[in-house]
Amino acid sequence: MVVNNINIYSEILRKLDKLYPEIKSNLNFNTPFEFYVAIVLAAQCTDEKVNAVTKELFKRIKSFEDLDSIPLEELEEAIHPTGFYHNKAKALKEGAKYIIKNFNSTLPNNFDDLIKIPGLGRKSAYAILGYVFNKSAIVVDTHVKRLAVRLGLVKKGDPITVEKEIALNVEEKDWFKLSYMLNQHGRLMCTAKNPKCQECILNDICPKVGISKNK
DNA sequence: CTCCCGATAT
DNA sequence: ATATCAGGAG
């Protein structure tokens with residue numbers, strides 16, 4: 001523990017907690033199955049676009065069996081606006097098959113099983129653990145990665161480094177909350193382009209204030 | 001590392 | 001016209 005120095009992690013947690021007191025996914029879902037579909041579609045896509053698509057899609061598919069049996073072309077058409085639709089449709093159907101066969105049609109609640117499912121990488125697996133099963137998880141998406149670099153928490157922004165660094169410096173009970181708050185702050189304030197540094201609650205502890213003025 | 005897609009910004 | 005943004009697979 002550093003004594004004569006502020007802990008940047010507790011400062012971030014304290015400040016961002018005022019802005020984002022409640023953890024709520026930006027993806028709309030009512031069941032574990034729906035979150036699984038939504039998180040696969042969310043790859044390289046905004047949550048808003050995913051929600052626009054799933055609103056209708058969830059009326060037609062309600063289980064991994066439904067997903068397994070829906071014709072590929074029909075699924076591709078339904079998810080088209082989320083981009084990468086060939087990949088995603090294939091991933092969803094292969095994932096559904098895998099879950100039916102290996103996990104008795106039930107979404108697993110542990111990382112080692114989730115990461116085996118075709119189409120789920122680390123970010124999606126941890127998002128499922130956090131949002132669906134309320135387990136501790138560090139969800140490192142592009143926003144969390146960007147903020148971790150800008151705030152100087154890591155030098156290298158690859159997701160595993162960010163995960164390790166947060167795990168090392170933050171109590172486990174705050175892992176999911178911290179990654180959630182960094183995600184929200186990245187979406188709303190510390191945007192990729194033209195971050196609003198002047199209005200940012202973290203601008204007193206951020207080494208990168210004014211970044212928008214440069215390239 | 002490249003490929004996968006498309007909307008929006010510049 | 002070209003750049004940027006949003007993960008995973010091979």
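A note on names: the letters A, B, ... follow the listed sequences, proteins ahead of strands, and every chain is numbered from 1.
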Exercise answer: donor-acceptor pairs, residues 130-137 of chain A side-chain atoms, under 3.5 Å, sequence neighbours excluded:
unit_1: A:K135; atom_1: NZ; unit_2: A:N109; atom_2: O; d: 3.0
unit_1: A:S136; atom_1: OG; unit_2: A:E172; atom_2: OE2; d: 2.7

Practice prompt. For residues 119-130 of chain A, pull every pair meeting side chain to side chain donor-acceptor pair (under 3.5 Å), keeping only residues two or more places apart or in separate chains.
Written response: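 Output for this query lists A:R122-A:E163.
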Worksheet item: What interatomic distance, in whole Å, is found between P of C:dA6 and the corresponding atom of B:dT10?
Response: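 Going atom to atom, P in each nucleotide, I get 14 Å.
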Discussion item. I'd like the P distance from C:dG8 over to B:dA7, given in whole Å.
Written reply: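 Their P atoms lie roughly 22 Å apart.
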Discussion item. Using OP1 and OP2 only, check whether a side-chain N or O of A:H80 sits under 4.0 Å from B:dG6.
Written reply: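 Answer yes for this pair, as a side-chain N or O of A:H80 is under 4.0 Å from OP1 or OP2.
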Worksheet item: Just by protein heavy atoms under 4.0 Å, how would nucleotides 1-10 of chain C read 5' to 3' in B, S and -?
Response: ---SSBBSS-
Worksheet item: Just how far, in rounded Å, is P of B:dG6 from CD of A:E76?
Response: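 Answer to the nearest Å: 11 Å.
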Discussion item. Output the rounded distance in Å from CG (A:L41) to P (B:dG6).
Written reply: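 To the nearest whole Å, that distance equals 15 Å.
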Discussion item. For residues 39-58 of chain A, which residue pairs pass the salt bridge (charged side-chain N to carboxylate O under 4.0 Å, His left out) check, not counting sequence neighbours?
Written reply: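 Qualifying pairs: A:D47-A:R187, A:E48-A:R187, A:E56-A:K59.
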Worksheet entry | Charged N-O contact under 4.0 Å between A:K177 and A:D174 |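 Salt bridge between A:K177 and A:D174, a charged N being under 4.0 Å from a carboxylate O: no.
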Worksheet item: With sequence neighbours left out, what residues match A:K156 under salt bridge (Lys or Arg N to Asp or Glu O under 4.0 Å)?
Response: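 If we apply the salt bridge (Lys or Arg N to Asp or Glu O under 4.0 Å) test to A:K156, skipping adjacent residues, the hits are A:D158.
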Discussion item. According to side-chain hydrogen bond (donor to acceptor under 3.5 Å, both in side chains), who are the partners of A:N102, at least two apart in sequence or on a separate chain?
Written reply: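 Expected list: none.
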